Every structure is written in structure tokens, then in C-alpha cells.
Number of protein chains: 2
Amino acid sequence: MERKERTRRAILDAALSLGEESSLGAVSLRQVAKEVGIVPTAFYRHFDSIEALGMALVDESFVSLRAMLRDVRQADPTYGDIVDGSVAILAQHVHDQRAHFLFIARERVAGPTLVRERIRHEIELAERELATDLALMPGVEVWTAEDLQIVSNLIVNAMVSTAEAILNARSPDAEAEIQHRSRTQLRMLLVGALNWRSDKAGRSPEGS
Amino acid sequence: MERKERTRRAILDAALSLGEESSLGAVSLRQVAKEVGIVPTAFYRHFDSIEALGMALVDESFVSLRAMLRDVRQADPTYGDIVDGSVAILAQHVHDQRAHFLFIARERVAGPTLVRERIRHEIELAERELATDLALMPGVEVWTAEDLQIVSNLIVNAMVSTAEAILNARSPDAEAEIQHRSRTQLRMLLVGALNWRSDKAGRSPEGS
DNA sequence: CAGTTGGGTGAACAGACGTACACCGAAAAG
DNA sequence: CTTTTCGGTGTACGTCTGTTCACCCAACTG
């Protein structure tokens, strides 16, 4: 009974591995079977179709994504800057679960419509969560709900870009530079957001 | 002799059309031929392979991309805010050359390695151009060359995200909201960048 | 120990794929 | 008007695709 689970994992891993080169839509059932070391028909003992496999990969990729978000949210606040910690955690998770993040990055724009929509929806959820977290920060009381959402979207997009850049980094040095850049960008972004409405409302952040 | 050019265009258009649904790597020579209305073997009169077709599409897609950048750079400065104008021009071009921008967005992450690298290189060029333009703005003299590059990267990434969002917009209203969001984000971003080094150097933008 | 379940097998299919080849017929060149 | 060029055609091949079916045998159930 655990043999089934083992083969299932092997299929998922093979699909992720093959998906590193091309998009999942270009991966065939027979390629996966050959990679796993089973006959093509045995594939159906585990998934109804390649599409179903894709959905399962979406599921487990988002487990990794949400694990990262959880780590970021409950990072030790004593570890200095939130920005430094968040970028480090992002990089760590992207590195550890490279296949999952690569999968999300690819299928987000190139996957079947259904998969694309699920990924976008999930990212939108992360945006909302970030918005509620941001609302607790000091100095943001002057923001409207709309501004809060817009800032969250901006930050999430920046983090997505950073994750993609890390996935594409060709050397540890290059990745270190990407992380440095990302940290600077997040700080710039926070400076801009914190000076945003206060700018429009009277230049004084302390004004009631 | 212009018949050849006409068929070639038909092939390019067919490939762009088929690429709207799935990634180019998942498009077959025979699908393209059927869409054009020619027999599969006639394809070879125009391209050596599907990969060569992809390269040609990269070429002409970047013509559209560069046309947009040119429009943005020489936008009428009397038209009020640079931000408003830039976002409007971006939206206009994405709308007019939807297939080209969709192609770039998709193949940027899902295409064959060679295509991906070309696209990333081209976007990096746009980043550098933006950096040289930004250097001429008043108030940025305090930035280091590195900061300039980092800010450019941040802005370009935001614009790429905006373009992708517009491509995915499901209604004109949704697109209008995306444009509004993008404008706000660009302004926040500029506020942050302009308060950046001055923040670190003594809080006074006018300080020598 | 006998019986049942179920993951894995192997052959077989119809269709789509890329590509090679000989050929045709309209348009350009002489 | 004749000749050459060349984009498009039709046939044919070997390979790969998804999917079906009957079958086998290891592992759980009784």
C-alpha cells in the first residue's frame, strides 16, 4: 500500500524534473512513464490524465509557497530588519523547493487556463494576507483600503520578480547580488509607501 | 515574389494565434500549416524549423516592444504627468500588439532556453536605457550608479507586471483599474526612490 | 493457508508528429 | 514564346502520442 504512494511520488518528481526544461503542456505521459521506469499504462493507476497530474503539482507547489509565506510572517522579529529576513527566507525556500517554485513561475503564464487561474488566485490571496499584515504596521493608518491593496500588489509583484530572478541566477555570486538588489528595492518601496499619503495629506507623518 | 511574403506573414500570424492558447513549444508544425491552409511540407519553404519560426517571432515582437519604448521616451512632455502618459502608452501598445506582448510574456519564462535568454537580454537593455534617462532627472544626483540600476530594474519589473495584468484583464473596467493601480504604484515608487539616498545622507533633498 | 485486491505488464490500436522525395503549375526571366 | 525558377502538392516513411484490454503476480484480507 505504500508502494503506490512511492510510485506516485516518483511520477510527480519525474514531471517536475521534465518540467524544468519545457512547459508542462509539452510533457507527454510516455516521457513521464519512461522517466519513472514504469510502462505507460501504469500511469493511469495514479492519475486520470496529464492535466490531473498538473493539478496535483499545483497543489503540492502551493504547499511549498504557503510554507514560505508562513515562515516570512512569523520570522523572528529580533533578527533585525524585516526586509533582510524576508528576502533571506524567500531565497532559502526558492532554493530548497526549486522545482515547485519553477513550476509555479512557468505555469503562471504558460500553463492551461485552469492552472493559470488557480495560480493567480493563490497569489492574490497572498496579497490580501500581506495587506492585513501591513495594516498593523505603525505609520500606515493614513492609507485608504485601496492604497493598502495597491502597496501589497506592488510588494508581491516585486517578490515574484525576485523569485524568478533567483531561479534564473547562473552563479551564487549572481544570486547574492539579486538578493542585495531585492533588499534595496523593498526598502525603497517602503520609503515610498510610507511617504505616500502623508505626502498628499500634509507632509507630516505624525499629523492626526 | 510577394506571394512568398504573404504566406510567410500568414505563418507568423498563425503561430501567434495558436500561441495564444498554449506555449509555442507545444505548437506543432502541422497545426500551423493547417491553420495557414498549406500542406505541412510547404512550411519548409519559409522556415527551417519551429524554432526558427520562434526566433522570427521574437524579432518582430521586439520591434513592437521597442516601438513602445520609443513612444514612452519621446512622449509629449506637455501632457502633464510622465507617469500618466507612460502607463497610457504602455496600455495602448499592449492592446494594439496584443499577440506580440503575449508572446513575449509567455516565452520569457516558458520558451526554449535560447529564446528566454534573448528576451531577458532585451529587457535588460530597456533597463539600461531607462537608467540613462533617469540620470537626467532633477534630484537624482545623489544616487550611486548601482542605485540607478536598481531603481530601473524595479520600475521595469513593475511595468512588466502591469503589462501581464493588462493581458489578463477580463473586462475594460478591470483594465482601467489595473492602469489606475499601475499609476499609483509608479508614483509611490518614485517617491520612495527620490527619498532614498537623501534619507541615508541627511533627510534633506536640497542638501549639497 | 486460500482468496481477493490492485499496481504493474505487454500487445495493439488509431492518430498525429517531423521529414524526405518526386512532382506540378504559375509567375518571372530570357 | 520558350525556359527557368520556386512556392505549393501528395505520398510515404518511421516514430511518438494517448488509450483500450486482457493478463500477471506481489501483497494484503479472511
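These numbers were taken from a predicted model, which means no experiment stands behind them.
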Ion pair check, [X] and [Y], cut-off under 4.0 Å:
X         : Y         : result
Glu124(B) : Arg128(B) : yes
Glu164(B) : Arg108(A) : yes
Arg73(B)  : Glu129(B) : yes

Can you tell me how far [atom2] of [N] sits from [atom1] of [X], to the nearest Å?
X        : N       : atom1 : atom2 : answer
Tyr44(B) : dT19(C) : OH    : P     : 4 Å
Phe43(A) : dC21(D) : CZ    : P     : 19 Å
Leu53(A) : dG18(D) : CG    : P     : 11 Å
Phe47(A) : dG8(C)  : CZ    : P     : 12 Å
Lys34(B) : dG15(C) : NZ    : P     : 12 Å
Asp48(B) : dT19(C) : CG    : C1'   : 13 Å
Arg6(A)  : dG8(C)  : CZ    : C1'   : 13 Å

Can you find a side chain N or O atom of Gln31(A) that sits less than 4.0 Å from OP1 or OP2 on dC16(D)?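 The answer is no; no side-chain N or O of Gln31(A) sits under 4.0 Å from OP1 or OP2.
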Does anything in residues 50-63 of chain A pair up under side-chain hydrogen bond (donor to acceptor under 3.5 Å, both in side chains), and if so which pairs, sequence neighbours excluded? Arg9(A)-Glu60(A), Asp59(A)-Arg118(A), Glu60(A)-His100(A)
How would you summarise protein contacts on nucleotides 7-12 of chain D per nucleotide, using B for base, S for sugar-phosphate only and - for none, with heavy-atom distances below 4.0 Å? BBBB--
If only atom types and distance count, is the side chain of Glu175(A) paired as donor or acceptor with the main-chain N or O of Asp173(A) below 3.5 Å? no
Can you run down the salt bridge (Lys or Arg N to Asp or Glu O under 4.0 Å) pairs that involve residues 20-44 of chain B, sequence neighbours left out, and say none if there aren't any?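 Found none.
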